[in-house]
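Okay, structure first, notes after.
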Amino acid sequence: MSIQTPTSPERGDFIREIVAADVRAGRTETVVTRFPPEPNGYLHIGHAKSICLNFGIANEFGGRCHLRFDDTNPEKEEQEFIDAIEADVRWLGFDWGEHLHFASDYFEQLYAWAVDLVRAGLAYVDDLSADEIREHRGTLTEPGMNSPWRERPIEESLDLFARMRAGEFPNGTRVLRARIDMAAPNINLRDPVLYRIVHAAHPRTGDAWCVYPTYDFAHGQSDAIEGVTHSICTLEFEIHRPLYDWFIENLPVPSRPRQYEFARLYLTYTVLSKRVLLRLVNEGHVRGWDDPRMPTISGLRRRGFPAEGIRDFAAMIGVAKSDSVVEVGMLEHAARDVLNRTAARRFAVLDPLRVVIEDYPEGQVEEMEVANNPEDPSAGMRKVPFTREVWIEREDFMEEPPAKFFRLAPGREVRLRSAYFVTCREVVKDAAGEILELRCTHDPATRGGSAPDGRRPKATLHWISAGHAMPAEVRLYDYLFSRPDPGADGRDLFADLNPDSETVLQGALVEPALADVPAGETVQFERLGYFTPDPDSTSGHLVFNRTLTLRDTWARLQAQGRHDTA
RNA sequence: UGGCGCGUGGCCCAACGGUAAGGCACCUGACUCUGGAUCAGGGGAUUUCAGGUUCGAAUCCUGACGCGCCAGCCA
């Protein structure tokens, strides 16, 4: 069950208002929704919006939400996707209880209803080819033409349909069509196809069938069978609603579901098209469906995004009917908000620079007490070893610091977090001028990180004892696409791929406590951002993925070129 | 030129005839042992446009314009 951000059922989005009104008017006793993925790919953040909507409504109204796979096209669907989808929905925090369903569970009933339609003169077997059907369909502005088989005797259609099921005909030779109106302005009503012949093994029903219902014929009836009261889908199905209703009205279904449509999610710097995601995976642009750069649920999980942050994001963006593009920044905000509250703080140095504290006793090791999470005192403290030689971040030192650079510089004193104040006395370089190490001194009176005389350095740095540091690989991630609107204006989508979306750092060093971060946990590397162990990580070779950076005023100033080198 | 939808600050979204709310982003200040977080404040909207109804319109009506979706035996 989720901890959805509370929304007043009376004053939520337009769908919640409809549900609330239906409940109030007694049109439904129990609210039943469903999340209906086709198992032909992995779930992405757009699906998360739908999942949160459907399960959220069911939870809020004390109803239930089914997980139903729309598995009516065996040529594209796979068990792998079914398994991954179940795992992703569960990870997001939702529970379908006993209600795991498949459209394929209803194939027999659906077939029987198709036969009913034929008997009623409302459907017929058409011998036209796919091309001929298209030619007969007409265009957006011209009506279609009736198929020559439209008036074929009911008995003949019945016989042919039975033989289609029996496997007597090859793919594409015949279809079952509804008999509605070839001149309907809504093209979906121009005798839509109900059944097609597909000789292919189905992940669930194997080769029990060689005729499969289309989405239009399967979806609403599946809803009706399950007692779904509110069938919520995205806008592109709006035009299908008259057909959805037509089936419900012309078939002896056990309940009367209603379809409602909302705008699907679009995100800047992101592509949410299964077709494109599939290509990114198949063409090797990413490490797989769960690549940390992918907008898939599994990718976000591997990246270290908390499920709660994704739920919060869904609540934040709302539900409406106008097409819109949400800034990824909102997703990031939602994730940071959760992570700031919950992530344990740790020290890690991505690009190490050696600091020798000349006046610190050689061989001495002090266990410094460091807060695990200043936002959450209950997270407690940990001990971090401090010695004469420590690593700091190379970018935390500048030999000739510009005006607004507050960190370490020659002669300047800074705080090593929860340890000591140190002052840079000397910069040691090699023949090429590359900085090898910094020679510093410390103030013993500042042990623990604060000075008795109350002086306060402008900067606090994270650090790692040289003798205790553990090597780690760190993978830095940026947007997969370098433009907010990938592929817009006719550009090739793949030309918009960000060449720097992944940067692998091999020389990072982390504090000992980072050796055993459990999989699935995201921690904060102080001052750097949030990181999570990658599945590739082993005790012998630590690997961390950067989930997000922290908000960084200095970086922003630099990017704006607002600092001068004075 | 057919049908179905949709147009509210940079972005998302509310307002249900009574005079534009909130979030994200942005800017400023305070505070700070993370240049993080937090707190306080700020800028920014003649609600696509034009008519009409009304004492009063983002809300209702008409028209225009713009955008999205539909001509799979995909979902």
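Atom set for the values below is all heavy atoms of this structure, side chains included, hydrogens, waters and symmetry mates excluded. Lettering follows sequence order; numbering is per chain, from 1.
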Check whether the side chain of A/His240 and the base of B/A75 form a donor-acceptor pair under 3.5 Å.
-> yes

Counting any heavy atom closer than 4.0 Å, what does A/Met316 reach on the DNA or RNA strands: base, sugar-phosphate only, or nothing?
-> sugar-phosphate

Quick one: look up who B/U46 pairs with, Watson-Crick or G-U, both distances under 3.5 Å, and put none if it's unpaired.
-> none

Separation between the C1' atoms of B/C6 and B/U48, rounded to whole Å = 12 Å

Does the side chain of A/Ser324 get closer than 4.0 angstrom to OP1 or OP2 of B/C13 through an N or O atom?
-> yes

Look at A/Thr460 and B/U32 and indicate whether a side-chain polar atom (N or O) is within less than 4.0 Å of OP1 or OP2.
-> no

Using the C1' atom in both, what is the distance from B/U53 to B/G10, to the nearest Å?
-> 35 Å

Nearest-nucleotide pick for A/Ala130, side chain only, options being B/G36, B/C24, B/C73 | B/C73

Counting only side-chain N and O atoms of A/His333, is one of them less than 4.0 Å from OP1 or OP2 of B/C24?
-> yes

Taking a pair as Watson-Crick or G-U wobble with both distances under 3.5 Å, which nucleotide is matched to B/C69?
-> B/G3

Atom-pair distance (CG on A/Asp323; P on B/C11), nearest Å = 14 Å

State whether A/Lys383 and A/Glu367 are salt-bridged, where the test is any N-O pair (Lys NZ or Arg NE/NH1/NH2 against Asp/Glu carboxylate O) under 4.0 Å.
-> no

Contact class for A/Leu128 vs. all strands (heavy atom < 4.0 Å): base, sugar-phosphate, or nothing?
-> base

Per atom distances to the A/Arg196 side chain, the nearest of B/G35, B/C24, B/C73 is B/C73

Would you indicate which nucleotide in B/C6, B/U34, B/C24 comes nearest to any side-chain atom of A/Glu327?
-> B/C24

Who does B/G10 pair with, Watson-Crick or G-U, both distances under 3.5 Å?
-> B/C24

Mind checking the C1' distance from B/A45 to B/C4? Whole angstroms is fine.
-> 30 Å

Side chain of A/Ser322: nearest nucleotide among B/C6, B/U1, B/C4?
-> B/C6

A/Asp552/A/Arg527 ion pair, N-O < 4.0 Å = no

Interatomic distance where CG belongs to A/Leu235 and C1' belongs to B/G7 [whole Å] = 13 Å

Is the shortest side-chain N/O distance from A/Thr72 to OP1 or OP2 of B/A75 below 4.0 Å?
-> yes

A/Phe406 on top of B/G35's base, within under 5.5 Å and under 30°?
-> yes

Please measure how far the C1' atom in B/A58 lies from the corresponding atom in B/G9, and state the result in whole Å.
-> 14 Å

So, does the side chain of A/Glu375 form a donor-acceptor pair with the base of B/G36 at under 3.5 Å?
-> yes

Under-3.5 Å donor-acceptor pair between A/Gln524 side chain and B/U34 base = yes

Can A/Trp554 be called stacked on B/G35 when the rule is centres closer than 5.5 Å and an angle between planes below 30°?
-> yes

Answer yes when A/Glu511 and A/Arg382 have at least one side-chain N-carboxylate O distance shorter than 4.0 Å, and no when they do not.
-> yes

Taking the side chain of A/Glu38 as heavy atoms from C-beta outward, which of B/A75, B/C13, B/C11 is closest to it?
-> B/A75

Would you say A/Arg407 reaches B/G35's phosphate, i.e. side-chain N/O to OP1/OP2 under 4.0 Å?
-> no

Taking atom P in both B/U1 and B/U47, compute the distance separating them and give it to the nearest angstrom.
-> 27 Å

Return the 5'-most residue of the pair A/Asp552, A/Gly329 with respect to RNA chain B, ranking by each residue's nearest nucleotide.
-> A/Gly329

Going by modelled atom types, is there a donor-acceptor pair between the base of B/C16 and the side chain of A/Glu17 at under 3.5 Å?
-> yes

Taking the six-membered ring of A/Phe169, is NZ or CZ of A/Arg174 closer than 6.0 Å to its centre and within 45° of its axis?
-> yes

Hey, does A/Phe237 reach any base, or is it just sugar-phosphate, or nothing, if we go heavy atoms under 4.0 Å?
-> base

Rounded distance in Å between the C1' positions of B/G3 and B/G43 | 44 Å

Please figure out whether A/Ile239 or A/Ile317 has its closest RNA chain B nucleotide nearer the 5' end.
-> A/Ile239

Grab the CD-P distance between A/Glu238 and B/G68 for me, whole Å please.
-> 15 Å

Counting Watson-Crick and G-U wobble pairs only, both distances under 3.5 Å, name the nucleotide matched with B/C16, or none.
-> none

Sticking with atom P, work out how far B/U62 lies from B/G44, rounded to a whole angstrom.
-> 36 Å

Can we say A/Arg137 and A/Glu132 salt-bridge, meaning some charged N sits less than 4.0 Å from an Asp/Glu carboxylate O?
-> no

Out of B/C13, B/G35, B/C12, which nucleotide sits closest to the side chain of A/Arg527?
-> B/G35

Classify the nucleic acid contact of A/Thr141 as base, sugar-phosphate or nothing, counting any heavy atom under 4.0 Å across all strands shown.
-> base

Considering only atom C1', compute the distance from B/U32 to B/U38 and round it to an integer number of Å.
-> 9 Å

Any donor-acceptor N or O pair under 3.5 Å, side chains A/Tyr215, A/Glu38 | no

Phosphate oxygens OP1/OP2 of B/A71: is one of them under 4.0 Å from a side-chain N or O of A/Arg190?
-> no

Distance below 4.0 Å between A/Arg345 side-chain N/O and B/U34 OP1 or OP2 = no

Look at A/Arg34 together with A/Asp70 and state whether they make a salt bridge at an N to O cut-off of under 4.0 Å.
-> no

Compare side-chain N and O positions of A/Arg556 against OP1 and OP2 of B/C27 and report whether any pair is under 4.0 Å apart.
-> yes

Under 3.5 Å side-chain donor-acceptor pair for A/Glu526 and A/Gln524 | no

Could you check which of B/C70, B/A75, B/C74 has an atom nearest any side-chain atom of A/Leu140?
-> B/C70

Heavy atoms under 4.0 Å, any strand shown: does A/Leu461 hit a base, just sugar-phosphate, or nothing?
-> nothing

Cut-off 3.5 Å, side chains only: do A/Glu80 and A/Tyr42 have a donor facing an acceptor?
-> yes

Among B/A71, B/A75, B/G35, find the nucleotide with the atom closest to the side chain of A/Arg137.
-> B/A71

Nearest to side-chain heavy atoms of A/Thr139, which nucleotide of B/A71, B/G36, B/G2 | B/A71

Would you say A/Arg551 reaches B/G35's phosphate, i.e. side-chain N/O to OP1/OP2 under 4.0 Å?
-> no

Check every strand shown and say whether A/Val325 touches a base, only sugar-phosphate, or nothing at a heavy-atom separation below 4.0 Å.
-> sugar-phosphate

side-chain contact (heavy atoms from CB on, under 4.5 Å) with A/Phe481: of A/Thr270, A/Thr268, A/Val271, only one passes, and it is A/Val271

Using whole Å, report how far CG of A/Asp191 lies from P of B/C70.
-> 21 Å

Kindly point out which of B/G5, B/G2, B/G23 is positioned nearest to the side chain of A/Pro185?
-> B/G2

Would you indicate what A/Pro374 reaches in the nucleic acid, counting non-hydrogen atoms under 4.0 angstrom: base, sugar-phosphate, or nothing?
-> base

